[in-house]
Each structure stands twice: as structure tokens, then as C-alpha cells.
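Here's the structure, in C-alpha cells; my notes come after.
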Protein chains: 2
Amino acid sequence: MAGTGTNGTVTMNDVALEAGVSIKTVSNVVNDYPHIRPSTRAKVEEAIDKLGYRMNFSARHLRQGRTGIIGLALPELSLPYFAELADSVIRAAEARGIVVLIEQTSGGRQHELDVLTSDRRQLTDGLIFSPLELGPDDAQALKVDYPLVVLGERIFGGDWDHVTMNNVDAARAATQHLIDQGRRRIAVIGAHHGESMGSAALRMLGYQAALAANGIPLDTDLIIEGGLWHRQTGADSTAALLDSGVEVDAIFGLNDAMALGALRTLHARGIDVPGQIAVIGFDDIEDSQYSAPSLSTISPGREQIAETAVDLLLSRIAGDDEPFRRVITDYSVIARESTEA
Amino acid sequence: MAGTGTNGTVTMNDVALEAGVSIKTVSNVVNDYPHIRPSTRAKVEEAIDKLGYRMNFSARHLRQGRTGIIGLALPELSLPYFAELADSVIRAAEARGIVVLIEQTSGGRQHELDVLTSDRRQLTDGLIFSPLELGPDDAQALKVDYPLVVLGERIFGGDWDHVTMNNVDAARAATQHLIDQGRRRIAVIGAHHGESMGSAALRMLGYQAALAANGIPLDTDLIIEGGLWHRQTGADSTAALLDSGVEVDAIFGLNDAMALGALRTLHARGIDVPGQIAVIGFDDIEDSQYSAPSLSTISPGREQIAETAVDLLLSRIAGDDEPFRRVITDYSVIARESTEA
DNA sequence: CCGTGACTTTCTATCGATGTAAATCTACAG
DNA sequence: CTGTAGATTTACATCGATAGAAAGTCACGG
């Protein structure tokens with residue numbers, strides 16, 4: 001830490017003096033400029049080690065106009081799905097030499113809009129955005145002048161890149177899985193009534209498609225509304241469902257958290273899972289493996305989503321001008337105890 | 001977005017030209033310098049709005065020598081305890097106008113050491129560090145020349161600030177809670193044999209103290225080792241415990257994840273909780289409320305830890321030279337179904 | 001011995017904002 | 001009408017690194 005500068009900081013200039021070369025040569029060494037005499041490189045590297053020089057990123061960023069930081073805006077980290085998504089995104093970014101600034105938008109629609117124009121955008125080279133509340137009406141707000149990759153299917157077809165899974169097909173597969181186990185009275189929890197483009201609506205479409213394909217009539221008494229997709233919602237919705245007295249032999253939780261909440265209520269009521277009621281979720285969060293019984297679910301390919309999103313964003317930051325892309329990742333049905341035959 | 005600069009960016013200089021004042025005056029307005037004529041302020045603000053000016057943080061940071069970013073190093077976000085901790089830290093930081101860069105150190109001891117000297121440190125004004133593997137031998141590595149706040153009790157008394165809960169007392173309280181329910185054969189899962197300063201060791205001390213205080217002999221057959229505190233470890237340890245045939249009427253999981261894993265194994269084996277075996281965890285992660293049965297646990301006061309850590313770090317960044325502090329936060333026993341009378 | 005082209009290294013301006021100190025402007029007492 | 005303290009505003013250097021182009025070096029053919 002033996003700095004030569006006025007304060008404790010060692011700058012490139014200090015290194016240059018120590019090595020007896022110009023500042024630019026030090027910069028060239030640090031940036032792997034190809035035409036440097038090995039002996040010069042050695043001198044510089046020695047000086048760097050000796051002085052303990054570290055790059056001042058603010059200076060580099062100022063000069064280059066980039067920060068090497070990308071933003072990740074998501075509802076909240078305490079929701080396991082998003083925590084795991086953040087984990088994957090950070091790993092993917094790290095592998096590519098950039099860092100991630102996480103912003104939580106838990107406050108609702110306005111908070112989600114704010115994140116798009118926040119001062120923080122000035123600090124990041126681009127944004128990966130996973131909205132929960134925005135709808136088609138907010139499309140205009142997403143027309144921003146910085147690289148943006150949107151996750152999820154809330155808003156289609158705008159002028160931005162999109163990475164998502166096929167919610168409709170995946171939900172159909174989940175429902176089909178229940179039907180294959182002989183279930184016919186399949187309830188859904190977490191529906192959002194007025195919505196047309198969100199995950200809830202899309203997954204409902206898949207549910208309905210599966211019923212139709214199997215000649216099972218749709219019974220609206222089996223569809224339970226539920227705003228926030230938290231465990232408590234799942235627990236409450238299931239209680240309401242059971243209290244309504246309607247016949248049920250399976251529950252499709254539109255996400256794992258709600259399905260886990262459902263398991264909790266079923267357990268409390270002494271209802272056997274999957275004996276009396278089978279349960280399937282959606283997301284494949286880590287918890288689902290460890291619930292009692294373990295939860296069948298849909299794996300959305302989180303790693304793939306994260307890597308794709310990061311790659312896409314980085315290519316935009318690098319100046320890629322191709323037309324906006326929509327990438328659809330793979331899903332798979334994970335059968336566990338809660339739907340065992 | 002109507003930039004005046006060469007590229008699309010609007011700088012303070014553009015604003016100054018538009019408003020007919022000097023750059024410095026614009027800077028003064030933006031920074032709330034008190035002696036500005038209201039009319040001047042109005043002109044500048046109007047120009048800012050008109051041009052859509054946004055501060056270039058890299059430039060400010062270069063000049064000020066600070067980045068306004070703090071680092072948060074933790075094992076991994078997919079562990080619920082850390083995801084929730086990160087949530088709290090981000091909120092606390094946001095309330096104070098700074099942003100958080102999360103770094104995952106899941107790779108083990110070396111990865112934890114690396115984070116302390118990483119290039120990223122140059123990008124942050126300080127670090128909140130929650131190590132999982134470092135031990136007393138690594139004390140030297142924690143003597144860094146930037147503001148550092150360490151969470152947890154792995155390493156005591158060094159030259160850095162520390163925020164932690166009282167693991168010993170809290171574990172004693174958890175054990176006492178089981179004893180109060182009439183349990184005498186209390187197993188512990190997640191012990192770390194050779195360790196002396198980590199959470200595992202401290203919680204074991206509390207456990208032993210409670211047994212001693214109640215005249216219950218310590219039976220080493222009831223102590224199950226377990227490296228990583230994941231659910232799987234809890235599930236496996238519990239299976240091993242049951243297979244060993246030793247008499248057990250309660251299990252103390254040294255964290256919630258393991259306790260939840262224990263519940264899973266107990267459920268699989270058809271053992272009634274708490275009828276045959278009571279279970280208590282440690283951490284009070286959100287899941288614990290929703291397991292079946294819901295899990296009794298120790299709440300470590302996560303919000304308080306986060307806020308304290310952020311405040312402490314910020315005061316160090318601001319130049320606070322007081323002696324290093326150790327802050328101990330409050331805990332509480334949360335009694336739920338898994339230990340019901 | 002000199003010119004030429006391929007390497008290497010250095011010079012100089014700049015990225016955008018802020019600290020310092022000096023320059024201007026009031027407003028009001030003398 | 002002048003001086004002066006206090007309020008406002010400005011000029012200028014500077015934070016640390018990088019782009020671009022000029023300037024040196026060097027080996028080699030003519």
C-alpha cells in the first residue's frame with residue numbers, strides 16, 4: 001500500500017514513474033495492448049506489484065462512458081424464485097466480468113415504472129427487468145434509450161428484448177400431468193381475474209387448454225383468485241376452496257410458493273397429499289424439493305433464462321443493432337411426491 | 001433527450017449554456033448549495049428539465065473519490081437466510097441513498113478471502129461481509145484499508161466493526177424452550193466438530209449450557225455433524241439420527257434450513273411432530289411459518305442487523321475514527337407448531 | 001549508409017463534475 | 001456618494017484513465 005500520490009492512493013502515474021515509462025504505456029500493459037516489449041511489460045508489472053496499484057474504475061468509466069455494471073430489477077429478494085434468479089444472473093454476469101446492482105421494486109406498479117427512469121440508470125450500462133405489475137398499457141414506458149432486457153411475459157412485442165419461458169405450454173403440461181394421474185377436479189389458485197398478459201393469465205390459458213384437450217369441463221368454482229403469489233395466499237386460497245365444499249382432487253398452484261402454502265393448509269386439515277388431493281406448483285424453487293410431501297412443479301430453466309438475458313444485454317451494450325429478439329427458454333415437468341400415482 | 005453534446009449525452013456544460021450561467025452554478029444548484037438566488041435556481045432547473053440532464057456519476061465519483069456503492073458479500077442468495085438479509089440491507093441502504101453490490105462467495109474459504117482483495121473493492125466505498133468459512137486464522141486478512149463491517153461471530157475482536165446476535169444466549173433459549181416442553185433427549189444437527197468460533201460452535205455452547213442448567217447430561221450420540229447448513233443436510237442428519245436407534249424426543253436444527261430438512265425426514269418416516277419429536281430451528285426464515293407443521297425458531301432480528309450494519313459502515317465511510325465497535329442485536333424465541341405443548 | 005515499414009512508446013487533449021479562491025454584486029451604514 | 005461585509009457567481013485546476021496520433025526504434029534491403 002505504499003502510495004506515492006498525495007493521499008494514500010496509487011495511480012497509473014505513480015506506476016509510470018516507478019517503472020520509468022509513460023502513463024499510456026502503463027495503461028497499455030493493464031489493458032493487454034498487444035505491442036509491448038516483454039521487458040517493458042515486466043518492468044511495469046513489477047512496479048504495479050511493488051506499489052500495489054489498483055485501477056480507479058470511476059476514472060476509467062468516465063473516460064470510456066461505460067460502468068461495467070448492469071442493473072437487475074426484480075420484485076423482492078425474499079421471494080425465493082427471485083432470489084434464485086438473482087443468484088443465477090450474478091453468476092452469469094460474473095463469468096463475463098461484470099457486476100450486478102440489484103433493485104427491488106416491491107412497491108407496485110409505480111415503483112416498477114420508477115426503476116426505468118431512476119438516477120440509477122445513469123450508473124448502469126443496461127437493465128434486466130423482471131416486472132410483476134406492469135401491463136400492456138405501460139408499453140410506452142419501456143421504450144427507453146438504454147439497453148433493456150425484459151423477463152417474463154407481461155408485455156409482449158414491444159421494442160425491447162425479451163426472455164421468457166412458454167407459460168402457456170408449461171401450464172398445460174402441468175395440468176396434463178395431473179390429468180395423467182387420473183385427476184379430473186383440478187382447482188387453480190392464484191388466478192388474476194382482469195389480467196390478459198401476465199403469467200397468471202397465460203398459465204390459466206394453458207390450464208384451460210389441457211382441460212379442453214381432455215374433454216374435462218371448466219368449472220369456475222375451481223378457480224380461486226389470489227393477488228400476491230405468496231405462501232399465505234396459497235394457504236388462504238386453499239382454505240377457501242375447501243370451505244366452499246366443492247369437489248376437488250388436485251390443486252394447481254400458479255407458483256410454488258402458493259402450492260407450498262396449499263400443502264400447509266391441506267396438512268393442517270388432515271387431508272392426504274397426494275392420496276386425496278394432488279398438488280403441483282410452478283417455478284421449481286429449491287424449497288419444493290424439501291417440503292413434506294415434496295412438491296411436483298414446472299422447472300422454468302432459470303439458469304438458461306439468466307445466461308440468455310445477460311448475453312443479450314451485453315451484446316446490446318456492445319452495440320448490437322439487430323432487431324429486438326424474443327427468446328423462449330425450455331421448461332420441464334418435475335414429478336415429485338405431491339402428485340405421485 | 002435533446003442533447004447538446006457531441007453524442008447524445010447532456011452534460012452540466014450544456015445545462016450551463018442553456019441557462020446562461022457557469023458550470024459551477026449548475027453544480028451548486030444540483031448539490032443544494034445554499035447561496036443561490038431563487039431566480040438563478042429556477043433558470044437552472046428549467047434548463048435541466050428542458051434538456052433532460054442526468055448526473056454522470058462516474059465523473060462525480062472520480063472527483064469525490066467515492067462511488068456511493070457499498071458491497072455486500074455473502075455465501076449465496078439461494079439460501080433463504082441470506083436472500084432475506086440482502087433484502088434488508090438493500091432496503092436500509094436505499095433509505096440512505098446508496099446502492100448495494102452483491103457478491104456471492106459460495107466457493108468456500110479461498111473465495112471468501114478473495115472477496116476482501118478483489119478489484120471490486122475499488123468500486124465500492126466499503127463492504128459488509130458475512131463470512132461462512134473464515135476462521136480465527138484469517139484475522140490478518142480482515143485487516144483491510146477500507147471500511148468493513150463483519151456480520152456473524154466467526155471472528156471476534158479484530159480491528160474491524162462487527163454486528164452479530166448473541167448466538168450462545170439464543171441457542172440456550174432455544175434449547176430451554178424444548179426443555180420447558182418436557183423434552184430431555186434433545187438432538188442437535190449441524191454441529192461442526194473442530195470449530196471454535198463459528199455459529200455452530202457458539203450455538204453448541206448455548207445448547208450445552210441449557211442442558212447443564214437443567215441437570216440434563218450431555219449425550220454425544222445426540223450430536224450430529226453436518227457441514228453445509230442446507231436442507232439436505234438436515235434431512236440426511238435426521239435420517240442418520242433415527243437409524244442410529246438412539247432415543248430422541250426433540251431436535252434442535254442449528255439453522256432453519258436444516259430443521260426444515262429434519263421435518264421432511266420425520267414426515268417421510270411417519271413420525272409425529274411435535275407428538276413424538278419436537279423440532280426447533282434458528283434464523284426465522286420466511287419458510288418456517290409455512291412448513292407443515294410450522295417451525296419454531298429463533299428470530300435473529302434481521303432488519304436490525306441490516307440497519308445497524310449499514311449505519312456503521314456509512315459512518316466509517318464518512319470518516320468516523322472511533323474505536324471499532326461490536327454491536328449485538330436482539331433475538332427472540334418464536335414458538336410455533338413444531339414445539340407445541 | 002539511408003530509406004522503409006513494422007513495432008513501441010510518448011504526448012496531449014478529454015471524459016464530466018467539484019473544490020478553491022478570486023471576482024462580482026448587492027444592500028446598507030457612514 | 002463611498003466603503004464594506006456578506007451573498008452570489010465564475011474561472012481554473014484537477015480527479016485518474018484512455019483515445020488518437022505523433023514520435024522513436026529497429027531490422028533489413030538497396
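Naming convention: chains lettered A, B, ... in sequence-line order (proteins, then strands); numbering from 1 in each chain.
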Check the side chains of [Y] and [X] for a donor-acceptor pair under 3.5 angstrom, ignoring hydrogens and angles.
| X | Y | answer |
| --- | --- | --- |
| S106(B) | R91(A) | yes |
| D87(A) | Q104(B) | yes |
| N31(A) | S27(A) | yes |

query: Around E303(A), counting heavy atoms of other residues, nucleotides and ligands shown, do more than 12 lie under 6.0 Å from its CD?
result: no

query: Are there more than 12 heavy atoms of other residues, nucleotides or ligands under 6.0 Å from atom CD of Q140(A)?
result: no

Between [atom2] of [N] and [atom1] of [X], the distance in whole Å:
| X | N | atom1 | atom2 | value |
| --- | --- | --- | --- | --- |
| M55(A) | dC15(D) | CE | C1' | 15 Å |
| M12(B) | dT9(D) | CE | P | 15 Å |
| L17(A) | dG16(D) | CG | C1' | 14 Å |
| N13(A) | dA17(D) | CG | C1' | 11 Å |

message: Once rounded to the nearest 0.5 Å, what's the spacing between atom NE2 of H111(B) and atom CG of L132(B)?
response: 13.0 Å

- request: Look up atom OG1 in T9(A) and atom CG in D14(A), then write down how far apart they are to the nearest 0.5 Å.
  value: 8.5 Å

- request: Enumerate the residues from residues 23-40 of chain A whose closest heavy atom to DNA chain D is under 4.0 Å, giving them by residue number; use none for an empty result.
  value: I23(A), K24(A), S27(A), N31(A)

- line: So, with a heavy-atom separation below 4.0 Å from DNA chain D, the residues of residues 59-67 of chain B are L62(B), R63(B)

message: Tell me whether the side-chain N/O atoms of S22(B) come closer than 4.0 Å to OP1 or OP2 in dT10(D).
response: yes

- prompt: Taking the side chain from T308(A) and the backbone from Q304(A), do they hold a donor-acceptor pair closer than 3.5 Å?
  reply: yes

- prompt: Starting at the 5' end of DNA chain D and moving along, which residue's nearest nucleotide shows up first, G20(B) or N56(A)?
  reply: G20(B)

